[in-house]
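The structure under discussion appears below in the form of C-alpha cells.
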There are 2 protein chains.
Amino acid sequence: MDEATAANLFGVLSNADRLRVIRVLVEAGPDGRSAGDIAGAIGATPSRASFHLAALSEAGFAIGEKQSRQMIYRINFEHIGALIAFLMEDCCKGSTRLRACCGMA
Amino acid sequence: MDEATAANLFGVLSNADRLRVIRVLVEAGPDGRSAGDIAGAIGATPSRASFHLAALSEAGFAIGEKQSRQMIYRINFEHIGALIAFLMEDCCKGSTRLRACCGMA
DNA sequence: AAATTATTTCAAGGATACTTGAAATATGGA
DNA sequence: TCCATATTTCAAGTATCCTTGAAATAATTT
C-alpha cells in the first residue's frame with residue numbers, strides 16, 4: 001500500500017458517523033445490517049447514511065449486498081487490518097515500542 | 001477516546017505528506033530531526049512542512065522541541081498506539097479476525 | 001397497475017483543508 | 001549592530017468534503 005492510498009483510507013475513517021457505522025457493523029457480525037437499520041442506529045437520515053456507507057464501501061471497509069429491497073452491509077476486517085498493518089509495519093517499521101502501545105506485546 | 005477525537009486523529013493521518021513525515025521521524029529515532037531536514041526529506045517547502053508538522057504536533061503524533069535556531073521533531077509512538085488501540089479494541093471490539101489480519105495472531 | 005418501502009442520487013450551500021508566496025519572528029554569527 | 005539562517009504565520013485562492021431535502025430508482029405488496 002502506498003502513502004496516497006493509505007491517506008485516502010485514513011480520510012474515510014476521519015468521520016465520526018463512519019466510525020459509528022463501523023462499530024454497528026462489527027456488532028452486527030456476519031449477518032450484516034440493512035442501510036435503514038444502520039441509519040437509525042447512528043441517528044442519521046437515510047441520505048446521509050447512504051453517503052457514508054458509499055464512502056466505506058468504496059474504500060473497502062464495508063461490503064454491500066442487495067437483498068430484495070434492502071441493502072445489507074457487512075464489515076470487511078481484512079481491509080481494516082491492511083491499513084493497520086501499513087501504519088504499524090510499513091510506516092512505523094514494526095517498532096516494538098509502538099507494538100507495546102496497542103497490546104501487541 | 002471518543003469517536004469525534006478518533007475521527008480528528010484519523011484526519012491528521014489522511015495526508016500523504018504527513019504520513020511521509022511520520023516515516024521520516026520513525027527513521028530518525030530518538031534524536032529526532034529538524035523542521036528544515038524534514039521539509040527536504042519529504043520534498044516540501046518550509047511553509048508547507050511547517051503546516052503539516054503543526055498538525056502532527058497538535059494531534060500529539062509528533063513532539064517538537066526548540067534547540068537554538070532549529071525546531072527538532074520526534075515521533076510519539078504512544079499516541080499512534082492509542083489510536084490503533086481505539087480502532088482495534090474499542091471500535092472493532094478486539095475482533096480476533098481483525099487481529100489476525102495485522103499480525104497480532 | 002398503483003401504492004408502499006428501501007435506498008440512492010443529485011444539486012445547492014456551507015464548512016474545512018491545503019497550497020502558495022510573502023512577511024514576521026527568533027536565534028546565532030560577523 | 002547588521003546580516004544570515006531557521007521556522008512560523010498570514011492572507012488569498014482553490015479544492016474537497018459534508019449536509020440537506022427533493023427527486024429518482026428499484027423491488028414488493030395490494
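The sequence lines fix the lettering, A, B, ..., with proteins before strands; numbering per chain opens at 1.
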Which word best sums up how the rings of B:Phe61 and B:His79 line up, parallel for under 30°, tilted for 30 to 60°, or perpendicular for over 60°?
perpendicular

For D:dC18 and A:Asn15 - does any side-chain N or O of the residue sit under 4.0 Å from the phosphate oxygens OP1/OP2?
yes

Give a yes/no on whether any side-chain N or O of A:Tyr73 is located under 4.0 angstrom from OP1 or OP2 of C:dT8.
yes

5' priority, DNA chain D, between B:Ser34 and A:Asn8 [closest heavy atom]:
B:Ser34

Give a yes/no on whether any side-chain N or O of A:Arg69 is located under 4.0 angstrom from OP1 or OP2 of D:dA26.
no

Between the side chains of A:Arg23 and B:Asp90, is the shortest nitrogen-to-carboxylate-oxygen separation below 4.0 Å, so that they form an ion pair?
yes

Hey, is the side chain of B:Ser50 poking within less than 4.0 Å of OP1 or OP2 on D:dT7, counting only N and O atoms?
no

Separation of B:Glu65 atom CD from C:dT27 atom P, in whole Å?
14 Å

Examine C:dT8: is either OP1 or OP2 under 4.0 Å from a nitrogen or oxygen in the side chain of A:Ser47? Give yes or no.
no

So, do A:Met88 and B:Ile84 sit near enough that their side-chain heavy atoms are less than 4.5 Å apart?
yes

Could you state the CD-P distance from B:Glu58 to D:dT8, rounded to the nearest angstrom?
14 Å

How many Å lie between CZ on B:Phe51 and P on C:dA23, as a whole number?
21 Å

Taking only side-chain N and O atoms of B:Arg18, does any of them lie within less than 4.0 angstrom of OP1 or OP2 on C:dC18?
yes

Calculate the interatomic distance between A:Gln67 atom CD and D:dT28 atom P; express it in whole Å.
11 Å

C:dT7, C:dT27, D:dT7: which one has an atom nearest the side-chain heavy atoms of B:Pro46?
D:dT7

It should be established whether A:Arg48 places a side-chain nitrogen or oxygen under 4.0 Å from OP1 or OP2 of nucleotide D:dT20.
yes

Any Lys/Arg nitrogen of A:Glu89 or A:Arg99 sitting under 4.0 Å from an Asp/Glu carboxylate oxygen of the other?
yes

Atom pair distance, as rounded to whole Å: NZ in B:Lys66 and P in C:dA26
8 Å

How long is the span from the CD1 atom in B:Ile80 to the CZ atom in A:Arg97, to the nearest 0.5 Å?
10.5 Å

Does the side chain of A:His52 get closer than 4.0 angstrom to OP1 or OP2 of D:dT19 through an N or O atom?
yes

